[in-house]
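Notes to accompany the following structure.
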There are 2 protein chains.
Amino acid sequence: MTAQRRVVAEVLDGEHVHLTADEVHARAVAKLPEISRATVYNTLGELVSLGEVLEVATDKRAKRYDPNAHRPHHHLVCARCGTIRDVHPTGNPLADLPSSERFGFTVSDVEVTYRGVCPTCATA
Amino acid sequence: MTAQRRVVAEVLDGEHVHLTADEVHARAVAKLPEISRATVYNTLGELVSLGEVLEVATDKRAKRYDPNAHRPHHHLVCARCGTIRDVHPTGNPLADLPSSERFGFTVSDVEVTYRGVCPTCATA
DNA sequence: TCCTACATTGGACAAAGTCCAAGTCAATGC
DNA sequence: GCATTGACTTGGACTTTGTCCAATGTAGGA
C-alpha cells in the first residue's frame, strides 16, 4: 500500500459517486500533486480486479468507477446531463432470461441501465 | 439519399450483426472506396436519430450499431471473445423500477446487458 | 547497508470519435 | 444554358480516453 494507492482509494471512498478515470486523477492530484495518470489507471484496474470497485459503462464515453461494489444495484442515467443514480429494482433480471434464450452461454452477470430525464433537466 | 448513405444502410441491413463504426466503415469502403470515416459517422448518427438503428454500449470500447431497432431486445455478451447475441427476456424491467426508486426521473428506456461465457470459449 | 522486486513516472502511442474548412454536386431560378 | 444556393462529402487535424514502456524511485528483507 503506497501513498498513491491510498489516495486513489480515498477519492473513491470519500463520496458515493461515479467518477471517470480522469476525474479520479484530478481529485487524486489535489491530494498528491505528483501522481501520474498511469498510476491512477493501474490502481483502478487493481481495485476492479479485487472486486472493490465496479466499472460501469453508462454513457458511451469514459468508463466510470463505482465504489459501491458490495451491494448489487443498477443505474439510472439522465439522458441530458448525465447524472447517475444508483437504483434497486425489484425482481431479478437474471431469472428473466430463459435457458432457451441463453444459447449455451454461462450467464454470470447482468447490468441494467435505465435512461430518462432527471427533474432538474425536465424543468429547465 | 446519396450513394454514401445508401451504402451505409446496406451494410447495416445486409446481416443482423452488431458492428462498430470502424467495421461499418471498412465494409462501406469495400462497396464505395472513397467514402470517408466522417461520412460514416454522420450517417450512423442520422440513422440513430431517425430511430432506424440503435447504439449499444456492450463493451466499453467502441459503440456498436444494431439495425434491429424495431423489435425491443437486449444483449448477451461473451466476456472473453465479445460475441453478442440478441436476447428476449421475459418480464419488463421498466416495471421493476418502483417510483420510489425513480427519484423524479421520467424513465423512458432500459438497456440490459447479460454477461457470461459463450460455449465456444467455455470449451476452449 | 545493499539488493531486489515492485511501484511510479512521463511520455509516446493507439483507438474512437468530433470538428471544420474546403470541395463537389445537383437542383433551382433567371 | 448558366450562375447561385445549399446540402453532402472529404480529408485531415484535433480531442478524449486509455495503454504501453523504459527509466527511475523506493520499501523492506538478507
Side-chain angles (χ1 to χ4, degrees), chain A residues 1-12 17-50 52-66 75 77 79-82 84 111 113, chain B residues 1-12 17-50 52-66 75 77 79-82 84 111 113:
Chain A
M1 174 62 78
T2 64
Q4 286 80 358
R5 297 189 183 190
R6 186 164 46 249
V7 165
V8 171
E10 281 172 13
V11 167
L12 287 170
V17 285
H18 305 80
L19 298 172
T20 65
D22 250 22
E23 289 165 350
V24 172
H25 180 230
R27 296 185 187 209
V29 165
K31 299 183 182 217
L32 187 67
E34 69 277 22
I35 194 170
S36 76
R37 291 198 321 130
T39 297
V40 171
Y41 276 103
N42 287 343
T43 306
L44 287 173
E46 284 164 28
L47 290 171
V48 170
S49 298
L50 292 171
E52 293 298 315
V53 168
L54 291 179
E55 273 180 2
V56 298
T58 51
D59 65 16
K60 285 136 197 164
R61 312 268 305 187
K63 297 176 195 172
R64 291 179 178 272
Y65 293 88
D66 185 339
H75 294 104
V77 182
R80 297 205 193 145
C81 69
I84 302 173
E111 183 177 339
T113 305
Chain B
M1 173 62 78
T2 64
Q4 287 81 357
R5 296 188 183 191
R6 186 162 48 248
V7 166
V8 171
E10 281 172 13
V11 166
L12 286 171
V17 286
H18 305 81
L19 298 172
T20 64
D22 251 21
E23 289 165 352
V24 172
H25 179 231
R27 296 185 187 211
V29 164
K31 300 183 181 219
L32 187 68
E34 68 277 20
I35 194 170
S36 77
R37 292 198 320 128
T39 298
V40 170
Y41 277 104
N42 287 344
T43 306
L44 287 173
E46 283 164 27
L47 289 171
V48 170
S49 297
L50 292 171
E52 293 298 315
V53 168
L54 291 179
E55 274 180 1
V56 296
T58 51
D59 65 15
K60 285 139 195 161
R61 311 270 304 186
K63 296 176 195 174
R64 292 179 177 273
Y65 292 88
D66 186 339
H75 293 105
V77 182
R80 295 202 195 148
C81 68
I84 302 173
E111 182 177 340
T113 304

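Per the geometry, CG belonging to A:L19 stands 13 Å off P belonging to D:dT17, to the nearest Å. Taking atom CZ of A:R6 as the reference point, atom C1' of D:dA27 lies 13 Å away to the nearest angstrom. Atom CD of A:E46 and atom C1' of C:dT8 are 12 Å apart (whole Å). Whole-Å rounding puts the A:R64 CZ to D:dG18 P distance at 10 Å. Between the NZ atom of B:K63 and the P atom of D:dG18 there is a distance of 14 Å, given to the nearest Å. Atom CZ in A:R61 sits about 13 Å away from atom C1' in C:dA15, given to the nearest Å. Atom-to-atom, NE2 of B:H25 to P of C:dA15 comes out at 15 Å; the value is rounded to the nearest Å.
Contact record, B:V77 with B:G82: CG1-O, 4.2 Å, taken as the closest heavy-atom pair. Minimum interatomic distance between B:A62 and B:T20 (heavy atoms only, all atoms of both residues): CB-CG2, 3.8 Å.
A donor-acceptor pair under 3.5 Å links the side-chain atoms of A:H25 to the main chain of A:I35, judged by distance alone.
Atoms CZ and CG, from B:R64 and B:D22 in turn, are 10.5 Å apart once rounded to the nearest 0.5 Å.
Residues that satisfy the side-chain hydrogen bond (donor to acceptor under 3.5 Å, both in side chains) test with B:T39, not counting sequence neighbours, are B:S36. Judged as a salt bridge (charged side-chain N to carboxylate O under 4.0 Å, His left out), and not counting sequence neighbours, B:E52 has no contacts.
Of the candidate nucleotides C:dA16, D:dT17, D:dC8, D:dC8 has the atom nearest to the side chain of B:T2. Of the candidates C:dT8, C:dG17, D:dT9, the closest approach to any side-chain atom of A:R5 belongs to C:dT8.
Listed by residue number, A:E34, A:I35, A:S36, A:A38, A:T39 are the residues of residues 33-45 of chain A with a heavy-atom contact under 4.0 Å to DNA chain C.
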